[in-house]
Amino acid sequence: MLLIDCPFCGKRNESEFVYGGPAMPARPADPSALDDAHWVDHLTVPPNPMGPVEERWWHLRGCGSWLTIRRDTVTHAIAEVRHGG
Amino acid sequence: MGYDATITQLPLRALFDLQGEPSAIGDWCGDALPAFPERPNSVSERDGRTLIWTGPDHWLLSAPLGAEAGLSEELRPDDAPADIGVTALSDTVTFFAVTGPDAGAVMAVATPLDLHPDTFPADAASWTESFGTKALIRRIGEGYEIAVDRSYSDWFGAMLDRVVA
Amino acid sequence: MAAEPGRLPEGGRIDRSRPLQFRFDGRAYTGFEGDTLASALLANRVRITARSFKYHRPRGVMGAGPEEPATLVELEGDLASGNRPATTVRLTDGLVARSVNAWPSASFDLGAVNQALARFIPAGFYYKTFKWPDWHLYEPSIRKAAGLAGAPRESSNDGYEARHAHTDLLIAGAGPAGLMAALVAGRAGARVMIVDEGAEAGGSLLNRRLSIGDQPAMGWVAAAVAELSAMDNVIHLQNATVWAYREHNLLMVHERSPENSSLSGRSWRVRAGQVITATGAIERMMVFEGNDRPGVMLASAVQAYVNRWAVRSGQRAAVFTNNDSVYAAAADMARAGIDVAAIIDSRDSVPDHARALVPGMEILAGHTVGKVHGRRGLRAVTVAGRRIDCDLLAVSGGWNPAVHLYSQSRSRIVWDERLASFVPGDAAQAVLAAGAANGAMTLGAALAEGAARALAAVAALGRAAAMPALPEAVDTPYTVAPLWTAPGAAAKSFLDVQNDVTVADIELALREGYSNIEHVKRYTTGGMGIDQGKTGNVNIIGAVAERQGKTPGEVGVTTFRPPYTPVDFGAIAGRRAGPVVLPYRHTPLTGWHKDHGAVMYEAGARWRRPGYYPRPGESFQDSVNREARTVREGVGIYDGSPLGKYEVKGRDAGRFLDWIYTNVMSSLTAGNGRYGLMLTDDGMILDDGVSFRLAEDRFLVSTSTGNADAVWQHMEKLLRIERPDWQVRITNVTSQWANATICGPKAREVLAAMGTDIDLAQGAFPFMAFRDGTVADLPTRVVRVSFTGELSFEVNVRPRDLPTLWEAAMEAGRSHGIAPIGSEANHVLRVEKGFLSLGHEVDGTVDPHDLGMGWVMSKKKPDFLGKRSVALRRSAGRPRRELVGIRPLDPDRQIPEGAPLTPGGRKEATEGFVTACVWSVVESRWVGLALLTDGRARIGGRAYVRLPDGIIEVALCPPVFHDPEGERLRS
Amino acid sequence: MVNIIIVMQRYSILSLARNALSGHRGWAEAWRSPPLKDRYDAIIVGAGGHGLAAAYYLAKEHGITDVAVLEAGWLGGGNVARNTVTIRSNYMRDESIPFYVKSVAMFEGLTRELNFNMMHSKRTMIDVLQTWGMVRDRRRRRLIMDIYGATYEDISVDELRRRVPALTGGRPDSRLPILGAAVHTDAAVNRHDAVAWGYARAADAMGVEMHQKTPATKLLRGADGAIAGVETPRGTVRAKTVALAVSGHTTTLTETAGLRLPLRTINLTAFVSEPVKPVVDVIVNCPDLGVYLSQSDKGELVIGGATDLGQSFRRDIKQSVFEDTVAAMLDLFPRFRRLKLMRQWGGHLDMAHDATPIVSATDIPGLIVSAGWWGGYKAIPAGGAGLAHLIATGRPDPLTAPFGLNRFRTLDYVVETGTTTAR
Ligand SMILES: Cc1cc2nc3c(=O)[nH]c(=O)nc-3n(C[C@H](O)[C@H](O)[C@H](O)COP(=O)(O)OP(=O)(O)OC[C@H]3O[C@@H](n4cnc5c(N)ncnc54)[C@H](O)[C@@H]3O)c2cc1C
Ligand SMILES: NC(=O)c1ccc[n+]([C@@H]2O[C@H](COP(=O)([O-])OP(=O)(O)OC[C@H]3O[C@@H](n4cnc5c(N)ncnc54)[C@H](O)[C@@H]3O)[C@@H](O)[C@H]2O)c1
Ligand SMILES: Cc1cc2nc3c(=O)[nH]c(=O)nc-3n(C[C@H](O)[C@H](O)[C@H](O)COP(=O)(O)O)c2cc1C
Ligand SMILES: [Zn+2]
């Protein structure tokens with residue numbers, strides 16, 4: 001169970017949060033401008049490193065913030081927590 | 001033998017959800033509110049009204065249910081400007097009081113939040129998790145107050161009773 | 001009642017004023033308060049206490065703590081549980097225990113015939129045989145033989161609790177190192193938790209005769225415990241095992257029979273700023289032929305029994321070692337009156353400090369035990385051809401620091417050549433090891449390390465602490481020269497006593513190429529028992545290393561994993577059991593529904609809702625038909641409170657809804673609503689619902705019950721992550737509004753009869769509009785939406801008012817025959833209308849076009865979620881499954897929901913499936929909906945439902961059976 | 001059929017008896033450790049179930065034996081060593097069911113085919129249904145599975161209780177009363193290590209080389225862009241065909257050649273109780289509560305639950321997932337409150353964007369991937385055969401054809417809707 005240091009609330013148990021998926025690149029302003037292959041990549045291909053990955057967590061049962069955290073997928077150590085994307 | 005603690009379901013309260021910049025909220029709500037609390041997840045109180053800073057740009061105003069109509073007139077939720085949110089939420093949560101010598105032990109079963117006075121002092125209040133659901137916790141005189149979404153309150157009460165039993 | 005022949009006349013930490021009666025394998029014995037089952041059995045000279053797992057060899061007690069590999073018992077009665085090491089069972093009055101894996105008893109065990117077969121069943125033998133004709137032939141008898149204890153029976157008095165704790169410093173182990181660490185950190189004011197699995201604090205000091213400062217070591221322990229208990233920043237638990245070390249310094253503690261409670265166990269989830277593992281060290285077995293014979297024991301255990309329990313484990317002993325620690329043990333044995341015949345030390349030279357402890361005792365340096373005599377128990381050993389009579393052989397293969405928790409934290413452990421054991425290396429979390437757990441094998445070093453680690457931990461927490469003056473503690477230095485397997489060790493030299501894994505097994509595994517230590521483990525099952533190899537694993541590694549010409553460090557360890565010792569599942573679940581195992585939600589009317597005979601269902605998102613309200617004598621189908629007809633012909637009422645409701649407010653609210661819905665919401669005028677579909681960006685339907693415009697900058701979005709939280713998350717995430725610059729705020733008002741939906745041709749009359757200030761006339765209050773006003777004198781928001789296809793008013797009130805509103809509606813509707821309806825009738829009504837339902841038609845693979853809802857896909861908006869993907873997927877031109885209505889040719893034929901459609905009903909790949917099938921009250925026949933490949937083009941034709949027992953021919957029709965123009969719901 | 005000389009010592013009761021008399025000194029190595037060459041016809045990366053099965057079928061069915069299986073750690077030490085061994089075919093889609101039906105059937109003959117006892121035990125799985133939504137989900141599966149000859153039958157609650165007497169929870173007054181049950185008689189469990197070892201031994205006997213402690217660290221591409229081989233700490237190894245069967249590590253490797261795939265790696269966990277005498281003789285799956293269990297021949301209950309949240313290459317269990325699983329189990333099996341946890345562990349696997357496996361050629365000519373097997377123990381025989389077919393012919397066989405990467409180009413996902421906790 002992770003301990004996530006929410007910038008508003010401080011260190012809180014993972015059970016207060018909802019996992020919101022890996023941080024994908026920002027959604028393009030105009031998806032129709034992308035060719036098919038790029039759009040498919042945007043939707044389906046997440047970064048999947050052995051090491052730091054950015055992911056979204058919703059502090060649903062706490063202050064309600066959406067956080068982006070940088071977490072090592074091997075050690076689970078969290079290097080950074082920030083508000084928003 | 002169980003815990004020396006009492007679980008009491010408390011009556012509804014007048015609750016208003018406030019969202020937006022404090023200055024904008026202050027402009028609109030004027031004297032209706034106590035001063036804004038100074039620390040995240042803490043409360044300020046005045047005239048029986050309690051303001052809890054629950055999230056960035058997010059506050060919860062609470063008062064006895066009798067004050068609901070009056071507050072509603074003061075705060076005029078439907079007319080609030082676009083940049084703030086004022087929403088009546090009195091019915092959304094059910095409050096329980098956990099009191100008695102073992103209240104702390106009961107809370108330690110109920111929630112992972114660290115309620116040590118160093119981290120959760122007398123004026124602290126926070127949303128957290130309890131038995132897997134969202135819960136608002138506050139210190140009261142001889143124990144704690146814990147509130148959950150009203151739809152979960154039967155189950156939640158049963159859960160607390162099990163802990164104490 | 002037998003006397004206790006093995007008990008010393010005095011001493012020990014037992015209470016001789018409190019004798020206890022107990023039974024073991026059917027016989028009655030006596031022990032004392034303070035005994036474990038093992039110490040009491042030894043005091044009663046019960047030698048054969050167990051049978052081994054595979055060969056059913058006789059076994060006795062070998063250890064004194066959780067490391068015990070041999071004697072597992074099953075307890076009966078209130079304490080019933082299985083596979084308990086007798087060394088960790090606290091003796092209580094009336095305890096009834098029996099050995100596992102033996103029948104009828106350990107002493108006389110019929111399974112012992114396996115001993116004769118031993119040579120045919122080496123490691124992995126089952127991979128090579130039992131293949132013909134089929135494993136099934138053999139499996140039942142193998143299963144019966146395996147498994148040690150019986151499965152526990154249901155028992156009523158199982159109280160368990162799980163609680164959370166937060167601490168600056170968690171110390172595992174209350175031996176000298178742990179206690180010293182707790183004193184230092186406690187005095188510095190840190191929040192400290194010190195947790196020890198023993199019955200009392202002191203760790204190894206309980207078992208030895210040492211001094212600290214000018215008092216016996218246990219005096220120092222008592223003073224330390226007293227000082228700690230006076231500090232209110234310290235929590236001290238005994239009888240509590242730290243059994244898991246998880247990520248982010250979360251550690252799990254299992255506290256057995258907690259004081260001042262009726263609980264049988266408590267689980268603690270401890271989040272610690274810093275951790276010190278002061279878990280001591282575990283003695284290794286010696287590996288030689290016959291090393292499992294009853295009477296062969298760990299030297300530290302023999303020492304513990306004389307000192308702590310005043311029990312002589314034998315009368316005449318030999319000692320077999322490769323290290324110094326047994327010399328103090330031998331001295332203690334001798335002092336207790338055990339005749340120590342000789343110390344057999346495999347090392348060529350024995351240090352003087354060791355010899356000095358046993359003046360006059362014969363030491364056979366450079367020797368090993370050659371042969372063990374005695375079938376059912378030790379009678380003698382042969383050393384270099386000399387027979388030494390003895391009924392006890394105390395052995396020590398060296399000490400393993402208990403690195404279990406340290407390693408579980410995913411910190412490194414490394415091979416220490418000098419100690420011939422694995423010791424803590426680089427830390428992966430905020431953890432430090434102290435004392436014997438860190439390889440500090442003397443008391444002075446343990447105390448010093450305990451203090452030093454506590455200082456470091458406290459400093460890391462940002463606190464100052466003072467190094468205390470360390471008391472003087474004299475202890476024997478520890479040196480060791482590993483002897484992994486004695487010369488001649490083979491098929492009866494046990495490396496894993498519990499799983500009957502021998503040196504020959506290891507050699508076989510290596511010979512067959514199972515050469516990685518992990519292969520060795522899995523091929524032989526060494527270390528996979530209940531003790532998880534506490535005494536044996538490092539010996540296995542040593543034995544492999546020896547045979548592979550490597551160091552044990554090169555061979556490496558198998559992975560340490562939780563639990564350190566077995567934990568009751570009950571303690572893990574805590575209070576979550578029975579009716580509260582999962583949360584459940586109720587509306588203000590749940591009680592009413594139950595009182596009125598509703599059959600309640602789980603309805604998604606943890607809600608329990610009425611399925612139908614059977615009347616006396618009514619079948620399920622009768623009730624559903626009646627309820628559905630009530631709505632079509634008169635008026636029904638249902639509790640729609642669980643529907644998800646969100647206020648969406650801000651300058652950009654309209655723009656936001658336009659982005660997340662396929663259709664345009666920003667063109668709504670205040671007071672009106674619109675049905676919409678929400679897609680994922682993958683272009684699949686996520687949810688449907690009606691949105692209302694409350695004001696220029698304020699909308700009320702409703703969602704399906706089951707998806708409410710998912711939609712909330714979806715909206716919040718999009719806003720906070722993708723569009724943080726948009727001014728939109730969302731408030732969950734699901735629980736602020738409850739509703740009663742009054743539906744059916746007579747709905748207007750009923751509402752009017754309830755008394756309302758809202759003009760209900762069709763022209764004044766059209767479909768898809770809402771009005772704020774009073775109904776039955778309650779403040780309400782009335783909404784004209786319809787999920788049934790009939791005229792319908794959703795009357796929203798504050799939950800506190802819903803029971804009043806509901807009663808008023810029932811009262812006002814009585815003359816119209818109003819009746820409550822459940823989700824089953826709602827299902828019929830929506831199917832008759834062809835309205836989609838999540839989980840039926842929408843199963844994560846459909847887009848709006850598939851459902852014939854292309855109209856909901858705005859062509860005006862340049863972009864909305866899902867648009868690009870729907871277009872891309874459709875551009876491939878692959879045929880899609882489309883929603884159609886179906887009528888079985890036989891009107892009385894019900895089709896199971898989910899049934900496949902195949903071409904001609906043949907046994908072929910499906911071309912669709914039946915999403916719903918109901919008895920239609922308007923058509924008086926079964927009708928259904930289906931998703932069918934190219935379905936729309938095939939309307940008018942036939943399709944075939946293929947069931948295991950037949951084919952059902954259906955006529956394809958548009959997916960609407962009632963009021964296709966929607967006149968009734970608009971009426 | 002291709003002619004392959006099999007040089008494998010026979011295992012039988014006779015050979016066992018003979019060896020017993022000679023102190024078991026006569027047993028040969030199950031697989032050898034030949035020197036690593038610098039070139040092979042094909043390289044399979046990953047000596048897990050899928051990689052080893054592919055190696056075996058490549059030799060047996062296609063006569064291709066100049067093959068190296070490169071394994072980063074120890075053979076069979078990946079997820080094949082850490083799964084809950086549930087072998088079943090109760091899937092929902094036409095794309096999936098025939099594949100799993102075939103794989104389950106292949107498992108049944110494997111002990112004899114490989115002359116290695118996998119202790120295959122056709123136990124039957126019983127799904128315990130506690131919501132109507134789940135009843136509907138299972139009915140849908142049952143009816144479509146029938147088309148493909150897979151077993152699935154409804155039974156009453158009474159019958160369920162008769163067949164699983166230890167299941168005393170889920171009474172009408174409980175939180176989720178049991179509404180019904182579905183029986184999948186094809187379902188089985190077996191001995192996971194034996195699957196890896198059996199395939200390895202049989203492949204070795206036909207000349208395939210097993211190289212342990214030989215991680216592929218980088219994919220090599222030729223001037224034409226096609227795959228050329230792999231780099232390892234033991235040197236470069238070349239081949240015109242490289243197949244990846246590395247479970248959670250697929251993208252770690254493909255990204256060394258610039259190929260990104262719709263996969264993310266997750267942690268999945270399991271645990272065992274102390275061994276006890278027989279108490280449950282079927283696989284019990286409780287999808288509504290999120291737990292499934294079976295009892296091994298050694299007596300432990302082998303228990304699994306939900307996946308962790310978030311991507312992870314860790315192999316530890318998460319306390320919250322674990323507690324949920326245990327609470328769910330105890331709700332149905334209250335008598336297990338006094339049963340004890342003995343060991344728990346995890347494995348990491350990749351999951352495709354649509355949660356369906358991938359067996360496919362890639363944009364890099366010669367590079368083949370078999371991935372997304374987060375419930376793919378049951379799939380080892382058919383998946384291995386499919387992978388071998390793809391390696392040998394360059395084309396997928398009909399059963400694995402739906403699992404191609406091409407489906408993502410047009411977002412034509414294969415979606416196994418509904419939850420089944422049992423992997
Ligand atoms: C807890 C758990 C329970 C499960 N339960 C079930 C179940 O009940 N039923 C079911 O059907 N499935 C189940 N699964 C899934 C099943 O285990 C996997 O689908 C299956 O084992 C994966 O295929 P594999 O055996 O080929 O993978 P693995 O055994 O993981 O093989 C991959 C191999 O590749 C190696 N490797 C990785 N990177 C490299 C590299 N760079 N170079 C060389 N080698 C490399 C790894 O070391 C590993 O040995 C479960 C999985 C887990 C974790
Ligand atoms: N030469 C020898 O004979 C020899 C060898 C090893 C240790 N020792 C002695 O051991 C002492 C070392 O002191 P120490 O404090 O490091 O160790 P210790 O063995 O005295 O104390 C360790 C304590 O940790 C507890 N423990 C272990 N694992 C636990 C867990 N997971 N959860 C809760 N409690 C757990 C044990 O029950 C024990 O009480 C010294 O006195 C040293 O002389 C001597
Ligand atoms: C089906 C199955 C049964 C297992 N049974 C046992 C067991 O009886 N005893 C044991 O110690 N471990 C058992 N394990 C777990 C292994 O010891 C080990 O934890 C697992 O293979 C993962 O490897 P690792 O822990 O070395 O990472 C079992 C594993 C599986 C997959
Ligand atoms: Zn927060």
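Chain identifiers are assigned alphabetically (A, B, ...) following the order of the sequence lines, protein sequences preceding nucleic acid strands; residue numbering begins at 1 within each chain. No experiment lies behind these values; they were computed from the predicted model shown.
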Side chain / backbone / both / neither for [X] at chain D, heavy atoms under 4.5 Å:
X	result
C:Lys54	neither
C:Glu897	both
C:Thr902	side chain
C:Ala491	neither
C:Leu79	backbone

Review point. Partners of D:Lys277 by side chain to side chain contact (heavy atoms under 4.5 Å, CB included), sequence neighbours excluded?
Key: C:Asn101
Revision key, fill the gap. When the 4.5 angstrom heavy-atom criterion is applied to D:Arg343 and chain C, the contacting part is both
**Study point:** chain C contact via D:Lys213 - side chain, backbone, both or neither, heavy atoms under 4.5 Å
**Key:** side chain
**Study point:** Working for side chain to side chain contact (heavy atoms under 4.5 Å, CB included), residues C:Lys128 and D:Asn115
**Key:** CA-CA 8 Å; C:Lys128 300 189 177 107; D:Asn115 180 231; over 6 Å; no
**Study point:** CA sep, side-chain torsions, deciding dist, call: D:Asp297, C:Trp135, side-chain hydrogen bond (donor to acceptor under 3.5 Å, both in side chains)
**Key:** CA-CA 11 Å; D:Asp297 287 336; C:Trp135 172 243; 3.2 Å; yes
Check your understanding: Could you go step by step and tell me if D:Arg136 and C:His840 meet the side-chain hydrogen bond (donor to acceptor under 3.5 Å, both in side chains) rule?
Key -> CA-CA 9 Å; D:Arg136 207 168 49 240; C:His840 284 90; 3.2 Å; yes
Check your understanding: So how far is it from C:Arg246 CZ to D:Arg314 CZ, rounded to the nearest 0.5 Å?
Key -> 10.0 Å
Study note, to complete from the structure: Of the listed C:Gly570, C:Pro562, C:Ala146, the one with the largest count of heavy-atom pairs under 4.5 Å with chain D is C:Pro562
Exercise for review: Decide yes or no on side-chain hydrogen bond (donor to acceptor under 3.5 Å, both in side chains) for D:Thr131 and C:Glu602, but give the supporting numbers first.
Suggested key: CA-CA 6 Å; D:Thr131 62; C:Glu602 186 77 8; over 6 Å; no
Review point. What class does the angle between the rings of D:Phe271 and C:Phe569 fall in, given that below 30° is parallel, 30 to 60° is tilted and above 60° is perpendicular?
Key: tilted
**Study point:** Intermediate values then yes/no, side-chain hydrogen bond (donor to acceptor under 3.5 Å, both in side chains), C:Asp682 and D:His353
**Key:** CA-CA 10 Å; C:Asp682 286 49; D:His353 183 68; 2.7 Å; yes
Give a yes or no on whether a salt bridge exists between [X] and [Y], defined as a side-chain N under 4.0 angstrom from a carboxylate O.
X	Y	answer
C:Arg143	D:Asp281	no
D:Asp316	C:Arg410	yes
C:Arg576	D:Asp324	yes
C:Arg878	D:Asp412	yes
C:Arg269	D:Glu323	yes

Check your understanding: Are C:Tyr514 and D:Trp31 an aromatic pair by the rule of ring centers under 6.0 Å?
Key -> yes
**Study point:** Contacts of type salt bridge (Lys or Arg N to Asp or Glu O under 4.0 Å), residue D:Arg139, not counting sequence neighbours
**Key:** none
Review point. Below 4.5 Å, heavy atoms only, C-beta onward: do C:Thr910 and D:Arg93 meet side chain to side chain?
Key: no
